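Right, one structure below, let's go through it.
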Protein chains: 2
Amino acid sequence: MKSIVILGSTGSIGTNTLDIVTKFPEQFRIAGLTAGSNDRKLEEQLRIFKPDTVALTDPAAAERLRERCRDLPVEILSGIEGQSQVAARPGVELVISAIVGGAGLVPTLAAIRAGKHVALANKEPMVMAGKLMQEEARRRQVNILPVDSEHNAIFQSMVGHRREDVRRLILTASGGPLWDMPLDKMRYVKPEQALRHPNWKMGPKITIDSATLMNKGLEVVEARWLFDVPPEQIEVLVHRESIIHSLVEYSDGSVIAQLGLPDMRTPISYAMNYPARMPLDPPPLDLARIGKLTFHRPDHDRFPCLGLGYESLRVGGTMPATRNAANEIAVAAYLSESIGFLDIANIVRTTMDAHQPVDVSSLDVALEADRWAREKAAALVRALSR
Amino acid sequence: MKSIVILGSTGSIGTNTLDIVTKFPEQFRIAGLTAGSNDRKLEEQLRIFKPDTVALTDPAAAERLRERCRDLPVEILSGIEGQSQVAARPGVELVISAIVGGAGLVPTLAAIRAGKHVALANKEPMVMAGKLMQEEARRRQVNILPVDSEHNAIFQSMVGHRREDVRRLILTASGGPLWDMPLDKMRYVKPEQALRHPNWKMGPKITIDSATLMNKGLEVVEARWLFDVPPEQIEVLVHRESIIHSLVEYSDGSVIAQLGLPDMRTPISYAMNYPARMPLDPPPLDLARIGKLTFHRPDHDRFPCLGLGYESLRVGGTMPATRNAANEIAVAAYLSESIGFLDIANIVRTTMDAHQPVDVSSLDVALEADRWAREKAAALVRALSR
């Protein structure tokens, strides 16, 4: 039985992970759960899965949970320190890192430093400090297994093949809910419309990132560090049906791909149990019924956020972290209708232009760039929404 | 440097293999070449690649070659025995089995029995005596690596994944040159039309087998033995563009596929050099330019030969060998315009119905079923063309 911790258990990846644990109770034991501020949902989960420890980032939420759970033998921690303590808990083998955004960096790194294998659903740690994360993982001989459907597909398409034969990684992109929208309409698009993803049910932040293609820009950076492949060998291909989750091209012309109906439980379970698969037995992929799969080049004019991803990689250092932090602030402002849809890219662009990148030599450097960019982006939001 | 023999060096797979050897002269040495009766082409090849031994099945062709090559230090053998001697030659590591049709069975088995690894492009040995071939390969600890694009794709899609997690093999089929033709027109289709394959340049026998889908029926049988998967877990999917070469579905819903532009050098080189790939560096697969990939269910009414493949597997024993032999006779009769296109399936069907299957307990049993079916099918051809 594998002892696991879920960082971000109340989100979409977290609840899907718990679904899998429910289906295979003899294989996993939940040792710890963490969330941001949703103490109600965390309480439900801890009463079912009986972890030893939980943490909430928000101290007030943690206090409420303590009040209500006096009857239970569970340790309730708070803050980023609490998250990190749960992540580093002795006896835990695998940490599912599923916090949304840059807040996942510190606890995920804490898990690696404590020698835990990590199933990584949270893109931002790799985006903010990919080199550092990989160096630590190598030092502690820890596996980082990608949960994101695209990176999991690339991982599955590289297993059993020689790394030195890889010629190109091809990340597929659904194109998101606004793929067909002309630029002059994108200007006025409301959050409720941008939140209607055609294929995947995900949280609001990542769904807006799909609509801007910022998500794919983040994935390019993540792929660069996860697979140690330079950005010029990473391509993005728009594939509206989200059936081919990504592809790897080799030097002999072979391309290996992972396909499937969109179901996050497939990549999550693969990362949880690699190299063995779990018999989820979903309906078979019926390509004859689907009829056709389509492919397009990304449109950089209407989706500048993708290009910003490549640009941040070329510049390197703290630039990807800056881009990520500015995007988090801009997306939150868009969701609260303080700024328009196209302002997201403009705020990220302007923040990046103002940034003086330095090498990410330590966690503090990454966190400082993150803090700086959030402040700068927030100032830009205030200026725009005035 | 790997010492190799090519059985069937003057055919399409044979010449593609020699192209690869020319491109990577430091990796392979040609120890032996064989052909059926094309002594002119074999002479060209032996003057370039300087094998120690060659063989021609046709004794008269072998005699002509001996006359013309008195100046060369090459041993020239003849007959099936000659083919088998070349296949079993000491010092040879890998035998490329690329003879067309049932004639490949004896020399391919001779290679395995002599402990050679086999790159198998010739479907019929597995169809006629799959169980026997696999038992011998296991006994001699010999790898049988599939060269056929579909089986090579399945092999590549299983490398690195656990055999016990496989749920389904999906063989793709281009549908061949007659996929869109109504049944009443198929009756009158001429060989020149049936030989126009949309995607692959291949020899005439296999191209007609593509037009009837008999080729896919043979591949189902071959896959059953190559991968030890029962027929009910093997599916056929029509995919006109021949970009996805085949797929494997796993128990968690993941489907792994191998894709590429149609180029036989990719699977040949993979089988020659597994697990390392050879840097053929063909043009990259540009899915955005291709635009879409389509999928259809096979049409059993117009293409009964596919169903005959499954049926022969269900019956088992000598039935697949019988079906194969009857098909070879029928295709030859169709190519010489002695019978019509739809007669191919009828002759195979009638021969199968007349056959009393027995277990393939030895090579002789398989060869006797082959001989019997050829005689029966030839009698049917004579009756039809009278």
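In what follows, every chain begins at residue 1, and chains take the letters A, B, ... in the order their sequences are listed. Since the structure is predicted, the reported quantities are computational estimates derived from the model, not experimental observations.
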Practice prompt. Check whether Arg265(A) gets within reach of chain B through its side chain, its backbone, both or neither, counting any heavy atom under 4.5 Å.
Written response: neither
Discussion item. If you compare all heavy atoms of Pro282(B) against all heavy atoms of Gly253(A), which two are closest, and at what distance to 0.1 Å?
Written reply: CG-CA, 3.5 Å
Worksheet item: For Asp281(A), is it the side chain, the backbone, both or neither that has a heavy atom under 4.5 Å from a heavy atom of chain B?
Response: both
Worksheet item: What part of Ser254(A) lies closer than 4.5 angstrom to a heavy atom of chain B: side chain, backbone, both or neither?
Response: both
Item to complete: May I ask you to name which of Leu293(B), Leu280(B), Thr294(B) has the most heavy-atom pairs under 4.5 Å with chain A?
Response: Leu293(B)
Practice prompt. Output all residues satisfying side chain to side chain contact (heavy atoms under 4.5 Å, CB included) with Leu94(B), sequence neighbours left out; order by chain, then residue number.
Written response: Lys2(B), Ile4(B), Ile96(B), His117(B), Ala119(B), Met272(B)
Response to the item:
Interface check, chain A: of Asn273(B), Leu261(B), Asp165(B), Val238(B), most non-hydrogen pairs under 4.5 Å belong to Asp165(B)
Discussion item. Just to be sure I understand the criterion: a residue of residues 169-177 of chain A counts if one of its heavy atoms is under 4.5 Å from a heavy atom of chain B. Which ones qualify?
Written reply: none
Discussion item. Please classify the contact between Ala276(A) and chain B as side chain, backbone, both or neither, with a heavy-atom cut-off of under 4.5 Å.
Written reply: both
Worksheet item: Contact part of Pro267(A) toward chain B, heavy-atom cut-off under 4.5 Å: side chain, backbone, both or neither?
Response: neither
Practice prompt. With rounding to the nearest 0.5 Å, note down the distance linking CD in Glu235(B) to CG in Leu287(A).
Written response: 10.0 Å
Worksheet item: Between Pro283(B), Ser269(B), Pro279(B), Gly260(B), which shows the greatest number of heavy-atom pairs under 4.5 Å with chain A?
Response: Pro279(B)
Worksheet item: Hey, mind stepping through Leu285(B) and Glu249(A) against side chain to side chain contact (heavy atoms under 4.5 Å, CB included) and telling me if it holds?
Response: CA-CA 8 Å; Leu285(B) 177 65; Glu249(A) 187 177 66; 3.9 Å; yes
Worksheet item: Of the non-hydrogen atoms in Thr266(A) and Asp252(B), which two are nearest, and what is the gap between them?
Response: OG1-O, 2.9 Å
Practice prompt. Over all heavy atoms of both residues, which pair between Arg168(A) and Pro284(B) is shortest? Give the atoms and the distance, please.
Written response: NH2-CB, 3.5 Å
Fill in: Heavy-atom contact with chain B under 4.5 Å, split by part of Ile290(A)
neither
Discussion item. Rounded at 0.5 Å granularity, tell me how far CD1 in Ile256(A) sits from CD1 in Ile256(B).
Written reply: 8.0 Å
Discussion item. Please report the interatomic distance OH(Tyr270(B)) to NE2(His161(A)), rounded to the nearest 0.5 Å.
Written reply: 5.5 Å
Worksheet item: What option among His239(A), Gln258(A), His296(A) has the most heavy-atom pairs under 4.5 Å with chain B?
Response: Gln258(A)
Worksheet entry | Proximity breakdown for Leu237(A) and chain B, heavy-atom pairs closer than 4.5 Å | side chain
Item to complete: Please say whether more than 12 non-hydrogen atoms of neighbouring residues, nucleotides or ligands are located less than 6.0 Å from CD in Glu232(B).
Response: yes
Worksheet entry | Contact origin within Arg162(A) toward chain B - heavy atom pairs under 4.5 Å | side chain
Worksheet entry | Largest heavy-atom contact set with chain A, pairs under 4.5 Å, which of Gln156(B), Met278(B), Arg289(B) | Gln156(B)
Discussion item. In the structure I gave you, are the side-chain heavy atoms of Asp286(B) and Arg297(A) within less than 4.5 Å of one another anywhere?
Written reply: yes
Item to complete: Supply the atom-to-atom distance Glu241(B) CD to Lys292(A) NZ, rounded to the nearest 0.5 angstrom.
Response: 11.0 Å
